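Worth knowing before you read on, the calculation uses all heavy atoms, side chains too, and leaves out hydrogens, waters and symmetry mates. None of these values were measured; they are calculated from a predicted model.
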Amino acid sequence: MKTRKGYKAYPLTAAQKFHNFYAPYSPGKEILNVGTSLTIEFELNLDELRKAIYKAYERCESMRARLAYDAKEKQWYQYIVEKEEREIEFVDFTGRTMEEAEAEMTVWTRVPFDKEDMPMNKIVIIKMPDGFEGMFIVGDHRFLDAQSLIGFMKDVIELYCNANFENIPYPAQMRSYVEQVEKDLAYENGSKAQARDRAYFRKLIEESEPIYNGLDGRKKLEEARAATGNPNLRAAPTVSDSMEAAIDVFHLEEEPTKRLMTFCEQQHISLQCLLLMGIRTYLQKVNQCDDVSIQVAYARRATLQEKKSGGTRIHSFPFRTIIPEEKTFLEGIWEIRDRQNEVFRYVNFDPVEYMSYRRQYYNPPQGMNYEIMSLTYQPATLKEKGLTDLGNIRYKTKRYCNGYYSGGLYLTVMHRPEDNGLDFSFEHQIKAYSREQLEYFYYYICKIMFKGTERPNLKIGEIIKLV
């Protein structure tokens, strides 16, 4: 077993290496950063909040992670330090505008964690111009994903409230990140489960080649066919020549969100299935193609150990469906649900190996691919269990852009803390898509979902004509 500074050192898992796969191509290492603020409409005791943050660090191994590089092996390793003792600073934005405060936090988000043996995250206690108080967190995506970030912030709040309010229970213990890393590495080291998952995905890949579907139709595919002289080409450029990125967010109000959630409960499906149906039906409409493939992020947090161990666990795979227009909207959703349930059983597999095998098998031209976008639905919110005991204290969360994105388009759908409505957050390469294009896309996703949930027995072709 390797050691570093007296601590056991472990190789990176497949989920962590996935980020190392695209990072070298970015102009800046900050492409790995995830920045978020959480603020509450409440006057906080800053010393007590610091204590809660330190205690949360103590309880969460992945937030105490460090990286080390073995030059001989040309491989990164990770280890967990015993304690976080660094200073947590306080920044008061009182007297400044919200735009100025958010601009400064965006700057913080763009400072990479690229040094060995250094912390892989930073926390700043903040007071916003609107009087809300809380914290800003930026971390390296190799040790942080949306669910672990929410879990950590929730732990800080519950620890603070337990120490400062009556009748707020002490939060349940976190689970060991190291134990989970050991499990993941055992799976990746030639296990029977890995062999089974590899066989499943290879069979899926070999069945037939996917086809590119553009946000604005088949123009790029036809141009790629003309440029290569191959009229049967099924791939096209999915990114621009610049990784410079922005985040544009569109808000769906509370009442229409409730209608969508009620439909999902009645039909026993996840909102992710409904979102996939909305997206694929739009692409089916504008490309006049029943064969649609979208990259889908899977959180891999089924067990309590996985949910509470922190770190990053996202594996992303293409999700392909061929659903003819003659099928009803509901039949389409059921097909998506059944295929999603099937895929879930195999998602521990290495997505980099998946993509490498598919590229080798179909050999699309360099710089061309099939999926134009990725989707993440994030059902977890801070308003779960213990936090419901705090009454109606309002709070806000906000994401900050690190400035770069390796893919063309990434849609994250999350529940808004103020009213539980949905935020559609589009991270996109600026040269690939404009805000106007994405607003149009968002409008039609919603239009299709509402038309389909109101009249689920309509045929997909009829919905396409109606919207």
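The aromatic rings of Y79 and Y7 sit parallel, their planes meeting at an angle under 30°, below the 60° perpendicular limit. Relative orientation of the Y442 and F250 rings is parallel, given thresholds of 30° and 60° on the angle between their planes. Ring geometry for F21 against Y25 counts as perpendicular: the plane angle is over 60°, on a 0 to 90° scale with 30° as the lower cut.
At a threshold of 4.5 Å between non-hydrogen side-chain atoms, the residues Y405 and Y410 count as touching. Taking the side chain as every heavy atom from C-beta outward, R66 and Q78 never approach each other to under 4.5 Å. A heavy-atom distance below 4.5 Å is found between the side chains of E30 and Y404. The closest side-chain heavy-atom distance from F263 to L271 is not below 4.5 Å. Put simply, the side chain of E436 does not reach to within 4.5 Å of the side chain of E439, judged on heavy atoms. D197 has its side chain within reach of Y187: a pair of non-hydrogen atoms, C-beta onward, lies under 4.5 Å apart. Considering only heavy atoms from C-beta on, R280 comes within 4.5 Å of I336 through its side chain. Using a 4.5 Å cut-off on side-chain heavy atoms (C-beta onward), Y54 and I123 make no contact.
With ring centers used as reference points, F344 lies 6.0 Å or more from F349. H141 and F113 have their aromatic ring centers separated by at least 6.0 angstrom. A ring-centre distance under 6.0 Å is found for Y354 and F201. Aromatic rings from F132 and Y395 are positioned such that their centres are separated by 6.0 Å or more.
Between E353 and R198, at least one side-chain N (NZ, or NE/NH1/NH2) sits under 4.0 Å from a carboxylate O, which counts as a salt bridge. Contact check on R399 versus E427 returns a salt bridge, with a Lys/Arg side-chain nitrogen under 4.0 Å from an Asp/Glu carboxylate oxygen. By the 4.0 Å N-to-carboxylate-O rule, E87 lies close enough to R50 to be salt-bridged with it. By the 4.0 Å N-to-carboxylate-O rule, E265 lies too far from K258 to be salt-bridged with it. Residues K127 and E41 are not paired through a salt bridge, judged by the lack of any N-O separation under 4.0 Å between the basic side chain and the carboxylate. Salt bridge annotation for D130-K396: present, with a cationic side-chain nitrogen under 4.0 angstrom from a carboxylate oxygen. A salt bridge does not link K8 with E179: every distance from a Lys NZ or Arg NE/NH1/NH2 to an Asp or Glu carboxylate oxygen is 4.0 Å or more. Using a 4.0 Å cut-off between charged side-chain N and carboxylate O, R313 and D184 make a salt bridge.
Distance alone, capped at 3.5 Å, is enough to place a donor-acceptor pair between the Q429 side chain and the S240 backbone. Within the 3.5 Å criterion, the main-chain N or O of T13 finds a donor-acceptor partner in the side chain of Q16. For the pair E61 (side chain) and Y177 (backbone), a donor-acceptor distance under 3.5 Å is present. A donor-acceptor pair is defined here as one N or O able to donate and one able to accept, closer than 3.5 Å; such a pair exists between the side chain of T97 and the backbone of E100. The backbone N or O of F450 lies less than 3.5 Å from a partner atom in the side chain of T453, making a donor-acceptor pair. For R64 (side chain) and V81 (main-chain N/O), a donor-acceptor pair under 3.5 Å exists by modelled atom type. S434 places a side-chain N or O within donor-acceptor distance of the main-chain N or O of Q437, the cut-off being under 3.5 Å. Looking at N402, its side chain does come within 3.5 Å of a backbone N or O of I31 through a donor-acceptor pair. In terms of modelled atom types and a separation under 3.5 Å, the side chain of S62 and the main chain of G311 share a donor-acceptor contact. Judged by distance alone, the side chain of N162 and the main-chain N or O of E158 form no donor-acceptor pair under 3.5 Å.
Remark: D114 CG to L67 CG distance equals 10.0 Å, nearest 0.5 Å. The CG atom of L149 sits 11.0 Å away from the OG1 atom of T312 when rounded to the nearest 0.5 Å. In this structure, OG on S270 lies 8.0 Å from CG on L276, to the nearest 0.5 angstrom. In this structure, CE in M120 is found 8.0 Å from CG in L32, a value given to the nearest 0.5 Å. The line from CE of M277 to CD of E335 is 9.0 Å long, rounded to the nearest 0.5 Å. Between atom CZ of residue F136 and atom CZ of residue F93 there is a gap of 9.0 Å, rounded to the nearest 0.5 Å.
Screening Q75, K2, R4 for a side chain to side chain donor-acceptor pair (under 3.5 Å) with D70, the sole residue that qualifies is K2.
Considering all non-hydrogen atoms of both residues, F426 and L438 come closest at CB-CD1, 3.8 Å. Summarising the geometry of L274 relative to C264, their closest heavy-atom pair is CD2-SG, 3.9 Å, with the distance given to 0.1 Å. Closest of all the heavy-atom pairs between Q340 and Y298 is NE2-OH, 2.9 Å. Across R345 and R196, no two heavy atoms sit closer than the pair O-NH2, 3.4 Å. Residues L12 and E188 share a closest heavy-atom pair of O-OE1, 4.5 Å. A pairwise comparison of heavy atoms in S316 and P351 identifies O-CB, 3.2 Å as the closest pair.
Side-chain N/O atoms of E73 and Y69 include no donor and acceptor closer than 3.5 Å. Defined by atom type and a distance below 3.5 Å, a donor-acceptor pair is missing between the side-chain atoms of H315 and N348. Side-chain contact annotation: N33 with R110, donor-acceptor N/O pair under 3.5 Å absent. For the 3.5 Å distance criterion, the side chains of S37 and Y400 qualify, holding a donor opposite an acceptor.
Annotation for E82: atom CD does not count as buried by contact number, only 12 or fewer foreign heavy atoms lying within 6.0 Å. Counting heavy-atom neighbours within 6.0 Å of E43 CD, excluding the residue itself, gives a total of 12 or less. For Y443, the OH atom is loosely surrounded, since the number of other residues' heavy atoms within 6.0 Å does not exceed 12.
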Might you work through the salt bridge (Lys or Arg N to Asp or Glu O under 4.0 Å) test for R337 and E342, ending with a clear yes or no? CA-CA 9 Å; R337 177 199 61 194; E342 180 185 297; over 6 Å; no
For salt bridge (Lys or Arg N to Asp or Glu O under 4.0 Å), just list the numbers for R416 and D423, CA-CA rounded to whole Å, side-chain angles, deciding distance to a tenth of an Å, and then say yes or no. CA-CA 6 Å; R416 202 164 43 252; D423 276 352; 2.7 Å; yes
Criterion salt bridge (Lys or Arg N to Asp or Glu O under 4.0 Å) on D145 and R301, from CA distance to verdict: CA-CA 11 Å; D145 62 22; R301 293 193 187 270; 3.0 Å; yes
Is there a salt bridge (Lys or Arg N to Asp or Glu O under 4.0 Å) between K122 and E84? Walk through the geometry before answering. CA-CA 11 Å; K122 177 183 178 179; E84 285 294 4; over 6 Å; no
Begin from the C-alpha positions of D92 and I126 and carry the test side chain to side chain contact (heavy atoms under 4.5 Å, CB included) through to its verdict. CA-CA 6 Å; D92 189 348; I126 52 175; over 6 Å; no
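Residues forming a ring pair (Phe, Tyr, Trp, His ring centres under 6.0 Å) with Y346 (at least two apart in sequence, or on another chain): Y200.
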